[in-house]
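Each remark here refers to the structure printed beneath this line.
The model shown is predicted, which means the values in this text are computed figures rather than measured ones. Atoms within each ligand, like the ligands themselves, are counted from 1 in listed order.
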Amino acid sequence: MTAQRILISGAGIAGPALAYWLHRYGFQPTIVERAPSVRDGGHAVDFRGPVHLDVLGRMGLLDPVERARTGTGDWWYIDARGRRTVRMPAEQTGGDLEVLRGDLVHILHDATRDNTEYLFGDSITAIDDDADEVRVTFEHAAPRTFDLVVGADGLHSRVRALAFGPEETYLRHLGLYCAVFTAPNYLDLDRTGSVYVEPPGRYVAVSTALGNTEVRVLLSFSSAPLTYDRDDVAEQRAIVTRAFAGMGWETPRLLELMATAPDLYLDSVSQVRMDAWTRGRAALIGDAGYCPSSLSGMGTGLAVVGAYVLAGELAAAQGEHRVAFPRYEAAMRSYVEGGQKMADNVAGFMVPNSRFVASFVRMNFRLLRFVPYLQNMPARMASRAASAITLPPYPG
Ligand SMILES: Cc1cc2nc3c(=O)[nH]c(=O)nc-3n(C[C@H](O)[C@H](O)[C@H](O)COP(=O)(O)OP(=O)(O)OC[C@H]3O[C@@H](n4cnc5c(N)ncnc54)[C@H](O)[C@@H]3O)c2cc1C
């Protein structure tokens, strides 16, 4: 086998999923993760359609992921007094299998920890690809050589910046920011989500987690690209607090809870658009290469399918990356484009910039109640996009 030692940057979803398959095919995966331990947190993520479930099944993870299912039912738009106005069906908000991102990250870590070398609290600083191997330097660990380096390090990928160029070239901002954190379920919600929208450009969603003991709060707001320190949580809290100042319903209380939340996650709602996900001995998977944005509901599915395909192509080519990488690109291209399309035009409807659009959206949901076929159309479209790839039966 040609390539053996494969360094993966990022222990989110895509990185451990790739490590799982690489080990199964006889490669030696190492994961470097900049957080000091598994970085959980985040909202619920969805699997949709037979392909996503098939990959989880082939990994032997369908049962643990099923057991972690959020079990959240329909969501409701509410008014400023908390009264339910319009229902959003569960299939639309949660796909076929919805789990908390943090639970999924732990399941993947548990499935790989015995067979993968994990380097926590570190990050790649330079990649020197001399065509025969890759010499990598780290912030803390001593320099090492690998056969291949894979960036699974999310929207702001370090591997992408080092091997492909600055992120401004590839990031497409969709006009929103999104903050997510955990809070107690003081509203006593029962397996549901409540959405409160206040134009222009503010959206608050609270949904239950962990048997109704907790909620995940999602605060989304319209904004041009912002400059801030992604490691400075206090600065991020200040940005969110400013953006939601004066908003009604439970927002003031939720902002208070954000001040002590242990897991605030703030990022732009953006896509990554690239013509190629491989260069020399470097490759990208998941959000690092083709983030479809949280508006698409496809990010996690693309990450696990991308990991399956990249590892499978490397195995089929017996580690010859010059054969495997073009095949990975060809197998994933139209699938990724279909997943990214699911985010088209969603931002303006989800977080309306005028009262007129907000009323239009609510009216549509109300009318669609009477036409179940149309009401379920967004969920069916998402399921179709998530299933638009034939998984090759790789060896092993
Ligand atoms: C804390 C967190 C919360 C999230 N919450 C949500 C959410 O609520 N809703 C949603 O739709 N999506 C969320 N996402 C993104 C979502 O997980 C991804 O869209 C999707 O699951 C694809 O996974 P991924 O593995 O490609 O990327 P990610 O899940 O983003 O994982 C990337 C991993 O790389 C690590 N990393 C980043 N930079 C470096 C570096 N320089 N060196 C080493 N490691 C690095 C990160 O710490 C992270 O563990 C969240 C991501 C994170 C990290």
F244 and F221 aromatic centres sub-6.0 Å: yes
Aromatic plane relationship, Y290 with W277 - under 30° parallel, 30 to 60° tilted, over 60° perpendicular: perpendicular
Quick one: nearest non-hydrogen protein atom to [atom], plus distance?
atom                    : value
atom 43 (C) of ligand 1 : R34 N, 3.2 Å
atom 49 (O) of ligand 1 : E33 OE1, 2.7 Å
atom 2 (C) of ligand 1  : Y265 CD1, 3.4 Å
atom 37 (C) of ligand 1 : D153 O, 3.4 Å
atom 7 (C) of ligand 1  : H43 N, 3.5 Å

Distance filter under 4.0 Å to R158 heavy atoms, resulting ligand 1 atoms: 41 (N)
Distance filter under 4.0 Å to G154 heavy atoms, resulting ligand 1 atoms: 27 (O), 30 (O), 32 (C)
Residues which pass side-chain hydrogen bond (donor to acceptor under 3.5 Å, both in side chains) with R273, listed by chain and number, not counting sequence neighbours: Q271, Q340
D79 versus T85, side-chain donor and acceptor atoms under 3.5 Å: no
Mode of D40 contact toward ligand 1 - side chain, backbone, both, neither (heavy atoms, under 4.0 Å): backbone
